[in-house]
Amino acid sequence: LWPHFSVKQNIEFGLKARGIAKNEREKRILEILKLFHIDDYINARPSQLSGGERQRAALARGLVLNPEIMLMDEPLSSLDFELNIRLRNEIINIQEKTGFTLVFVTHNLEEAFDIANRVVVMKNGEISRIGTSHDVRKYFESLIREMKI
């Protein structure tokens, strides 16, 4: 987020750059702020937000543009458990509704299994496993059983 912009200005920046009309910008900004539960912070600067609120504002800024493809690198890492689950579901719903391609990077296997259709597991910079969420989950469950954890 740009520190000298309010939350609204940060979200609006890409819409303005794309030439979206003011009334449509206002509508989309209010919708995305409500979706990410940051509508109370519309005029706040990033320095006035918690880490989780900044994360949600950054997600809103990207998703308000209705992208065809989006890379998210650990987007839910600084959120508490309840908000993580809620935003995970919102990302899934938005992705399903709009159909954008999502590349989601995470160290949290549950996030990966919940969000992804296909999972790529990397170890030491090398791909160690590729498959459906279901298949990769089964693979890890079998490893855990073998370790008798």
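If you're wondering where the values come from, they're calculated on a predicted model, not measured in any experiment. Residues: numbered from 1 along the sequence shown.
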So if you build clusters from Ile, Leu, Val, Met, Phe, Trp, Tyr with side-chain heavy-atom gaps below 4.5 Å, do I130 and Y139 land together? no
Crowded around D80 CG? As in, over 12 foreign heavy atoms under 6.0 Å? yes
Residues in side-chain hydrogen bond (donor to acceptor under 3.5 Å, both in side chains) with R56, at least two apart? none
Check for me, please, whether L63 and V103 land in the same ILVMFWY cluster - side-chain distances under 4.5 Å, paths through other members count. no
List the steps and the verdict of side chain to side chain contact (heavy atoms under 4.5 Å, CB included) for L79 and L87. CA-CA 9 Å; L79 305 179; L87 287 182; 3.4 Å; yes
Results of ring-ring contact (aromatic ring centres under 6.0 Å, His included) for F113 - residues two or more places apart only: none
Validation: residues 36-54 side-chain donor-acceptor distances under 3.5 Å, sequence neighbours left out:
{"residue": "Y41", "atom": "OH", "partner": "E53", "partner atom": "OE2", "Å": "2.8"}
{"residue": "R45", "atom": "NH1", "partner": "Q9", "partner atom": "OE1", "Å": "3.4"}
{"residue": "Q48", "atom": "OE1", "partner": "R45", "partner atom": "N", "Å": "2.7"}
{"residue": "S50", "atom": "OG", "partner": "E53", "partner atom": "N", "Å": "3.2"}
{"residue": "S50", "atom": "OG", "partner": "E53", "partner atom": "OE1", "Å": "3.3"}
{"residue": "E53", "atom": "OE1", "partner": "S50", "partner atom": "N", "Å": "2.7"}
{"residue": "R54", "atom": "NH1", "partner": "P46", "partner atom": "O", "Å": "3.4"}
{"residue": "R54", "atom": "NH1", "partner": "L49", "partner atom": "O", "Å": "2.6"}

Check salt bridge (charged side-chain N to carboxylate O under 4.0 Å, His left out) between R86 and all other residues, then give those that pass, not counting sequence neighbours. E82
Separation between CD1 of I85 and CZ of R88, rounded to the nearest 0.5 Å: 3.5 Å
F100 and M70: side chain to side chain contact (heavy atoms under 4.5 Å, CB included), yes or no, with the steps? CA-CA 7 Å; F100 69 90; M70 189 162 195; 3.9 Å; yes
Tell me the closest heavy-atom pair linking P67 and G62, and the distance in Å. CD-O, 3.7 Å
The test is side chain to side chain contact (heavy atoms under 4.5 Å, CB included); show your working for V105 and M72 and say whether it passes. CA-CA 6 Å; V105 179; M72 294 185 183; over 6 Å; no
Residues L65 and L15: closest non-hydrogen pair is CD2-N, 3.6 Å
Pairs meeting criterion salt bridge (charged side-chain N to carboxylate O under 4.0 Å, His left out) with involvement of residues 127-143, two or more places apart: E110-R137
State which residues pass ring-ring contact (aromatic ring centres under 6.0 Å, His included) with F13; sequence neighbours excluded, sorted by chain then number. W2
For E12, all residues meeting side-chain hydrogen bond (donor to acceptor under 3.5 Å, both in side chains), sequence neighbours excluded: R25
d(T101 OG1, L71 CG) to nearest 0.5 Å is 12.0 Å
Of all residues at least two apart in sequence or in a different chain, which pass the side-chain hydrogen bond (donor to acceptor under 3.5 Å, both in side chains) check with N66? none
Report whether I127 and V136 are members of the same hydrophobic cluster (ILVMFWY, side-chain heavy atoms less than 4.5 Å apart, transitive linking). no
Please assess E90 against L59 for the test side chain to side chain contact (heavy atoms under 4.5 Å, CB included), listing each intermediate value before the final yes or no. CA-CA 11 Å; E90 292 301 336; L59 285 169; over 6 Å; no
Going from CD1 on I115 to CG on L102, what distance comes out if it is rounded to the nearest 0.5 angstrom? 7.0 Å
Given 3.5 Å as the limit, does a donor-acceptor pair link the side chain of S128 with the main chain of V121, or not? yes
Provide the closest heavy-atom pair for L1 versus R61 in the form atom of the first, atom of the second, distance. CA-NH1, 3.4 Å
Identify the two heavy atoms, one from I91 and one from L76, that lie closest to each other, and give their separation to 0.1 Å. CD1-CD2, 4.0 Å
Test salt bridge (charged side-chain N to carboxylate O under 4.0 Å, His left out) applied to K123 - qualifying residues, sequence neighbours left out: none
By side-chain hydrogen bond (donor to acceptor under 3.5 Å, both in side chains), E74 pairs with (sequence neighbours left out) H107
Once side-chain contact (heavy atoms from CB on, under 4.5 Å) is applied, do any residues pair with E96, and if so which ones, sequence neighbours excluded? I92, N93
Smallest separation among heavy atoms of A60 and I11, with atom names: CB-CD1, 3.8 Å
With E24 via side-chain contact (heavy atoms from CB on, under 4.5 Å) - residues at least two apart: I20, K27, R28
